[in-house]
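Here the structure is laid out as structure tokens; the discussion comes afterwards.
Quick caveat: nothing in here was measured; it's all calculated off a predicted structure.
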Amino acid sequence: MASLSVGGAHSSLRTPSLFPTPPTIRMLKHHPVLNCTPFFTTPSLFSPKNLSLRSSNHRAGIACMSTTTSRVGKDDQKLISGQPNEKVVQVSSWIDYLPKDIQPFAKLARVDKPIGTWLLIFPFAWSATLAAARGSIPDFRNLAVFACAAPFFRGAACTINDFIDRDFDKMVERTKERPMASGAVTPFQGLCFFAFQLLLSHGIFLQLTNYSWIIEAAFIFLSCTYPLIKRLTYWVQAYLGLTINWGAILGWYAVKGSLQPSIVLPLFLSGCFWTIMYDTIYAHQDKEDDVKVGIKSTALKFGESTKEWITGFAIASIGTFALTAYNAALGRPFYVFLAAASGQLAWQIRTANLSSPADCNRKFVSNRWFGALIFCGILLGRIFP
């Protein structure tokens, strides 16, 4: 696949050309996606003696450009070995302005990538809002407590994931620069940082109206064992669904002090189906490297049938959300937002380019809008039953 990097190999040329480069060519030459080596690397391409080659090389350039959007073939999809990794331009973040000693730990906790924290908060927020009395707004104290704890808990989960996967991460293009894989943080430092974040999140969880150490312990167990599951089964995304949606159970308990299976169970399952859908898209970023290092995922299991599979999980998610709303006697506003959320999932599946890591990541990040739509629907459906 064409590289996204832009070279400057001819920036030192000073001799004016008798045939100046047309504006369109200059635009393509410096475009980070459309730049293709066969079309631009020869300085004499536009000299008089090579005018006859322009047409054929132009066609070669167009053919090269087309490879940036081509789908993976059937054989490549099965073996995941026919195309090189798409290189992604590294963009600096606000972490680079922190003291150098702190930067590796901030990256370890993924504080510059808040989507993971949002995906952890949404199931809790949905559940705690559902637990509010009809015609009432939710207890924002519980929502605030979990929102404060979530970044630390998510950071702890990322840290233990990187500790367990540090040897694998070195062999994956997207993860080889992570702090423990690159050696910026030692394994011992990583474990200490994991314990520190877990202790902070535990202290905040204690402030919930109704706290259950059993629910929190199960939450921690799922988070710590998730990195091991990808070595054992292709259904690792299903295990992630159990992990990241555990907040749906904690949220209801925090408000009610007990569980109501007719509401909590379908809500939990709907979140799990949603997670399998979006994380399968996300896993397509690493499918080539995963095959090489022996990591399993639903992206590899589903292969060319991925869109059919994730469509099924999206339908299951929407269906169980509707069942949850019916059992919880939510008002009509919820179903309006559920329809909008269904459209968001349909857009993701229809437009996802599973051969483009960059596009897979964009679709993954867009799930914050799905989560927000469901939350708004539950909130208004509870206020206006």
Side-chain angles (χ1 to χ4, degrees), residues 110-132 136-151 153-154 240-241 243-252 254-255 263-264 266-282 310 313-326 328 330-352 359-385:
R110 315 282 203 278
V111 296
D112 59 332
K113 298 175 180 178
I115 181 60
T117 301
W118 281 112
L119 295 176
L120 192 65
I121 289 174
F122 281 130
F124 181 94
W126 298 338
S127 186
T129 305
L130 275 172
S136 303
I137 61 174
D139 181 358
F140 282 102
R141 178 180 178 276
N142 282 322
L143 293 177
V145 168
F146 192 85
C148 291
F153 191 86
R154 185 257 182 149
L240 178 64
T243 305
I244 206 166
N245 291 284
W246 201 254
I249 297 173
L250 182 60
W252 185 277
V255 177
I263 297 175
V264 176
L267 178 66
F268 178 66
L269 289 177
S270 60
C272 290
F273 294 139
W274 174 49
T275 301
I276 295 172
M277 191 221 79
Y278 70 65
D279 205 61
T280 297
I281 295 176
Y282 184 79
I310 61 178
F313 284 115
I315 293 172
S317 178
I318 296 301
T320 46
F321 269 124
L323 176 61
T324 302
Y326 177 79
L330 288 181
R332 291 180 180 178
F334 172 80
Y335 297 96
V336 175
F337 280 89
L338 183 63
S342 301
Q344 204 279 336
L345 292 189
W347 168 80
Q348 284 189 59
I349 296 170
R350 182 177 60 83
T351 63
D359 190 60
C360 289
N361 187 67
R362 281 192 294 270
K363 295 303 186 295
F364 169 73
V365 172
S366 75
N367 281 278
R368 65 182 183 272
W369 299 112
F370 177 86
L373 286 169
I374 294 296
F375 174 74
C376 291
I378 293 174
L379 178 63
L380 295 178
R382 182 53 79 206
I383 294 175
F384 304 104

Q: Output the distance between atom CG (Leu330) and atom CG (Leu338), rounded to the nearest 0.5 Å.
A: 10.5 Å

Q: Would you confirm whether Trp126, through its side chain, and Gly247, through its main-chain N or O, come within 3.5 Å as a donor-acceptor pair?
A: no

Q: Any pair with a residue in residues 366-385 that passes side chain to side chain donor-acceptor pair (under 3.5 Å), sequence neighbours left out, goes on the list, sorted by first then second residue, please.
A: Trp274-Asn367, Gln344-Ser366, Gln348-Asn367

(Q) Restricting to side-chain contact (heavy atoms from CB on, under 4.5 Å), what partner residues turn up for Asp139, sequence neighbours left out? (A) Arg141, Asn142, Thr209

Q.
Has Thr275 got a side-chain atom pairing as donor or acceptor with Gly241's backbone, closer than 3.5 angstrom?
A. no

Q: State, yes or no, whether a side-chain contact exists between Lys363 and Thr351 at a heavy-atom distance under 4.5 Å.
A: yes

Q | Test item: Tyr326 and Phe334 side chains (from C-beta on) under 4.5 Å apart, heavy atoms | A | no

Q: Could you pull out the closest heavy-atom pair between Asp279 and Phe364, with the gap in Å?
A: OD1-CE1, 4.4 Å

Q. So, for Leu143 and Pro138, which heavy atoms are closest and what is the spacing to 0.1 Å?
A. CD1-CG, 4.0 Å

Q) Is there a donor-acceptor pair under 3.5 Å between the side chain of Ser317 and the backbone N or O of Phe313? A) no

Q. Can you tell me how far CD1 of Ile318 sits from CG of Leu323, rounded to the nearest 0.5 angstrom?
A. 13.0 Å

Q: Step through the shown structure and confirm whether more than 12 heavy atoms of other residues, nucleotides or ligands are within 6.0 Å of CZ on Phe140.
A: yes

Q. Tell me, do Phe337 and Leu373 make a side-chain contact under 4.5 Å, heavy atoms counted?
A. yes

(Q) How long is the straight-line distance from CG of Asn361 back to OH of Tyr282, given to the nearest 0.5 Å? (A) 6.0 Å

Q) Which pair of heavy atoms, one from Arg154 and one from Lys113, lies closest together, and at what distance? A) NH1-O, 2.8 Å

Q) If you round to the nearest 0.5 Å, how far is CZ of Phe370 from OG of Ser342? A) 7.0 Å

Q) Quick one: CD1 on Ile378 to CZ on Phe321, what's the gap to the nearest 0.5 Å? A) 6.5 Å

Q: List the atom of Asn245, the atom of Cys272, and the distance in Å for their closest heavy-atom pair.
A: ND2-N, 3.4 Å

Q.
How long is the straight-line distance from CD1 of Ile374 back to OG1 of Thr129, given to the nearest 0.5 Å?
A. 12.0 Å

Q) Where the side chain of Ser270 meets the backbone of Thr320, is there a donor-acceptor pair that is under 3.5 Å apart? A) no

Q. If you take all heavy atoms of Ala314 and Leu345, which pair is closest and at what distance?
A. CB-CD1, 3.9 Å

Q: Identify, with sequence neighbours excluded, every residue that meets salt bridge (charged side-chain N to carboxylate O under 4.0 Å, His left out) alongside Arg332.
A: none

**Q.** Non-hydrogen atoms of Thr324 and Leu267 that approach each other most closely
**A.** OG1-N, 3.1 Å

